[in-house]
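All values below come from the heavy atoms of this structure, side chains included, with hydrogens, waters and symmetry mates left out. Position 1 is the first residue of the sequence; numbering continues from there.
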Amino acid sequence: MKKIKTVRKFFTVLSVMTMAFFCGFMSVSCSDGSDSSEESGNVTDGGNSPSGDETGSAIVLDASESVFSLEEGKTYSITLSDISLAASKTFNLSEASWKIDNPYIAAVHGNKIEPLSGGEAKLTSGNTVVNIKITEPNKEITSDPFDLKTVSENIDIFCCGDSIMRDYGASDSDQYGLGQALKVFFDESKANVVTDISNGGRSSRLFYNEDSRWPEVKRRIEANNAEGKKSVVILSFGHNDQRALTDVNKEYGAQFTFAEKNKNGTVAGTHYDFMEKYIVETRALGAVPVCVTPFARASFSGSEVSADGKHDWSNKIMTGDDTPRGNYPAAMKAAAKKQGAILIDMTELSAAKITEYNNAGKIKYFYVDSDNTHERTLGGLELAKIVTDELKNGGYLTSYIKETPKRIMVNKSSLGFGRLFANAKKDLSFKLSLFNVSDGTVTVTVPEGYTVCATADGEYKSSLVINCADVQFGTEIFVRFSPSEVKEYNADLTVTHSSVTPDFGNTPAGTVEETTLKIAMTAAGKVKIEGGTPETVLFPMIDANKAFDYNGAGTELNGKVTLTGLEPSTARQEGTVKPLSGPYYTRVGIIGGNWPVNDSGTKRETEYIQYAIPAFGADFVVNKISFKAASSGSGWMMWHAYYSTDENFANPTPIVENANSDGKAKEVMIECSTGAEELGLTVEDGQTLYIRIYPAFKTTTESTGRTFMISNLKVEGLIQ
């Protein structure tokens, strides 16, 4: 595109950015009471009229120009021919406060004017005016560069989408992405399923604009082209297009879209518009797009999935809007139909599947607990089967798709019952999920001290046999511990099937030996201790000089603290009014300061604080363990605490697991303890009690500046 110069430069180029995805053009005119002209173009000034009516012909700017200054007291007219310029044009808007008369047309984020949808709007700051005009897109019909029915060479399949599509590390939530599940269905020797670009919270708009998302997909496709390798792009968006107008990414701007027609009655910047961009640009790069409408949410109206569960907001207005957003799956279908792209109606197909689960009372096996949107392993496998079945039905990629796998999954690798008095009882449970398994039997066997049942209030026995034909999707298994002696009951529960080896889904893996899955059981019988001298071992953790400290009232006990994978940060003191009078607490961070990706705050064995309390000259009967903890720098720190008398920390008993501040209570200390009931744990003379606390930062990206806060770890009991 040719650059037209002017004698008077009202736009000063401040920096140059390379824009890999520039398309369309931008025209700007400005008025300040003077005029100039040149052979290649001119600007005619007409004073400081807010209307901008007396502007001259436009200056057409090429892709190398990306940052421009605006001068105080002038009127500018900016025309954008494509919404894709949202992330590629930045303006020096000074420190002025800008107001816009139609926030659905464009927005100002820092020094960026972000176009949002087609139409006209006016930005004002004092007597400076910027008139914005965003034109309607007009895309030509394209076609796939190669045929997915006949392709035979190795391919990359790029999964593009939000939290539904991405990979998840093993965690107690068992969350599992569609892209992650697709890896199970495709022959890895022929198809490489790429899932590291999708991420949670991405709408079709944000994914397109964010440099590490769609631009990265395009870079990788181009790299494949250079190597002669073909690419397929699976596109699935919609959940996060339904965000509020004010919900913005601090670097890349807005996330929301309307479906087919925005508030202004135009297509520009809608879900339809972005989906058509993806299709056209994918094909322009020599790859083949596959559109997948958004997976249905578990929102029911009677026995059917509701309209909003199917992402249809045609008759419902979102909070903060005054116009319905429209039908998102219909918008994607319309874009795919116009461009003749492959489309899978995941919305309707998944709605039918989750209705089946819901009517069977098994919806909790499909979705993550207390969540009507994100799928656990079984749900992810069901979605991947829908995608691959639809591809096969259309004759696409048939030689790449493997036979549907059979899976039997449990969602726990350990069950910790704690310490109980003789003949008392405590019940815990785990989920058993079945995918593509309807034959044979599952046998659950428990060790001494435990019994098992298929219902919470049924007859508990030493083993349980489940006929898979009688269990649709999954069942809950209840395990009861009732000690008869004062001793440790550490052993394994076993799960076997007549032909399929069970696994742990996407929860932290335990032991599988040959064809037998094992769940580690930890528990103990206890006796009430009478007499003895009360003893408290206290670890304030840190003083003002950052010195780790130990404070024990007795002389016959010692204690020490060690950090593994962690290092102390600055000390703080409890209280909100200076001078502070509360106790000091420590903040510890990961060595190097960079917390790794950890989607669910899962315990990491590589980072922990260990407390050792050796008993010397007497037995120490421990009745309670407690501490205070919190998250610093963010509210998303989680922590997991255990105790053991084994020097290798074998068979630890939980104090708390998945404890957190709910992403809200940053630097608010939370009390954690073994509870009011006495533990009755005897640490014999010469033995050591070990306590480990594992902080883990819940994050979808590598994060710095986050620390774990802890104070007053206390061990209370009796010296015998």
Side-chain angles (χ1 to χ4, degrees), residues 17 19-22 66-67 80 82-91 93 98 100 103-117 121 123 132 134 159-167 177 196-219 235-259 262-263 268-271 273-275 277-278 281 294 318-321 325 328 373-374 595 597 599 633-636 663-664 666 697-706:
M17 299 168 56
M19 297 178 295
F21 54 95
F22 180 92
S66 56
V67 182
L80 298 172
D82 200 296
I83 295 295
S84 64
L85 295 175
S88 59
K89 290 292 180 184
T90 305
F91 304 85
L93 302 177
W98 291 84
I100 189 166
Y104 288 93
I105 297 292
V108 178
H109 303 295
N111 66 340
K112 180 186 295 180
I113 295 179
E114 181 190 10
L116 299 174
S117 61
L123 277 166
I132 306 284
I134 302 168
C159 294
C160 301
D162 48 33
S163 57
I164 305 303
M165 289 287 284
R166 56 161 299 179
D167 271 9
D196 65 335
I197 301 177
S198 292
N199 203 8
R202 270 56 188 176
S203 64
S204 58
R205 180 192 299 278
L206 179 56
F207 190 93
Y208 188 93
N209 289 331
E210 191 175 2
D211 184 67
S212 60
R213 306 301 165 199
W214 183 240
E216 176 63 15
V217 174
K218 294 167 76 172
R219 287 190 287 265
L235 301 157
S236 184
F237 298 96
H239 288 83
N240 295 291
D241 287 63
Q242 299 160 37
R243 298 269 190 147
L245 173 69
T246 54
D247 192 352
V248 300
N249 178 283
K250 63 182 180 180
E251 183 175 0
Y252 293 100
Q255 300 187 63
F256 88 102
T257 66
F258 282 79
N262 56 42
K263 176 181 170 64
T270 61
H271 186 58
D273 185 21
F274 279 104
M275 290 310 304
K277 290 182 201 296
Y278 287 122
E281 292 180 22
M318 292 185 179
T319 302
D321 289 352
R325 291 283 184 89
Y328 289 91
T373 300
H374 299 95
W595 293 91
V597 172
D599 301 286
S634 167
W636 288 113
K664 301 174 184 176
K666 185 171 66 172
F697 188 63
K698 183 178 180 181
T699 176
T700 58
T701 60
E702 292 187 350
S703 300
T704 58
R706 320 300 187 187

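- The closest donor-acceptor contact from the side chain of Arg325 to the backbone of Arg243 lies under 3.5 Å.
- Side-chain N or O atoms of Thr699 include none that pairs as donor or acceptor with a backbone N or O of Glu702 at under 3.5 Å.
- Taking each heavy atom of Thr373 and His239 in turn, the nearest pair found is CG2-CD2, 3.7 Å.
- In plain terms, the two heavy atoms of Phe237 and Pro294 that are nearest each other are O-CD, 3.4 Å.
- For the atom pair CZ of Phe207 and CG of Asp241, the computed distance is 12.0 Å after rounding to the nearest 0.5 Å.
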Please test Leu206 against Asn240 for side-chain contact (heavy atoms from CB on, under 4.5 Å), starting from the C-alpha separation and ending with a verdict. CA-CA 9 Å; Leu206 179 56; Asn240 295 291; over 6 Å; no

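- Here Met165 contributes atom CE and Ile197 contributes atom CD1; the two are 11.0 Å apart, rounded to the nearest 0.5 Å.
- Aromatic ring pairs are classed by plane angle as parallel below 30°, tilted from 30° to 60° and perpendicular above 60°; the pair Trp214 and Tyr208 is parallel.
- For Tyr328, the ring-ring contact (aromatic ring centres under 6.0 Å, His included) partners two or more places apart in sequence, or in a different chain, are His271.
- Here CG of Asn262 is found 9.0 Å from CG of Asp273. Values are rounded to the nearest 0.5 Å.
- When every heavy atom of Arg205 is checked against every heavy atom of Phe256, the shortest pair comes out as NE-O, 2.9 Å.
- Between Arg213 and Ser198, the closest heavy-atom pair is NH1-O, 4.2 Å.
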side-chain contact (heavy atoms from CB on, under 4.5 Å) between Asp211 and Arg219, intermediate numbers included: CA-CA 10 Å; Asp211 184 67; Arg219 287 190 287 265; 3.4 Å; yes

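- Across all their heavy atoms, Ile134 and Pro115 have their closest contact at CD1-CB, 3.2 Å.
- Residues Gln255 and Asn249 approach most closely at NE2-N, 4.4 Å, considering heavy atoms.
- No side-chain donor-acceptor contact under 3.5 Å links Ser204 to the backbone of Met275.
- Side chains of Phe258 and Ser117 form no contact here, defined as non-hydrogen atoms less than 4.5 Å apart.
- Checked by atom type and distance alone, the side chain of Trp595 pairs as donor or acceptor with a backbone atom of Arg706 at under 3.5 Å.
- In this structure the side chain of Tyr278 never reaches within 4.5 angstrom of the side chain of Cys160, judged on heavy atoms.
- At least one side-chain heavy atom of Ile164 sits less than 4.5 Å from a side-chain heavy atom of His374.
- A search for side-chain hydrogen bond (donor to acceptor under 3.5 Å, both in side chains) contacts involving Asn199 returns Arg166, not counting sequence neighbours.
- Counting heavy atoms from C-beta outward, Leu245 and Tyr104 have side chains that approach closer than 4.5 Å.
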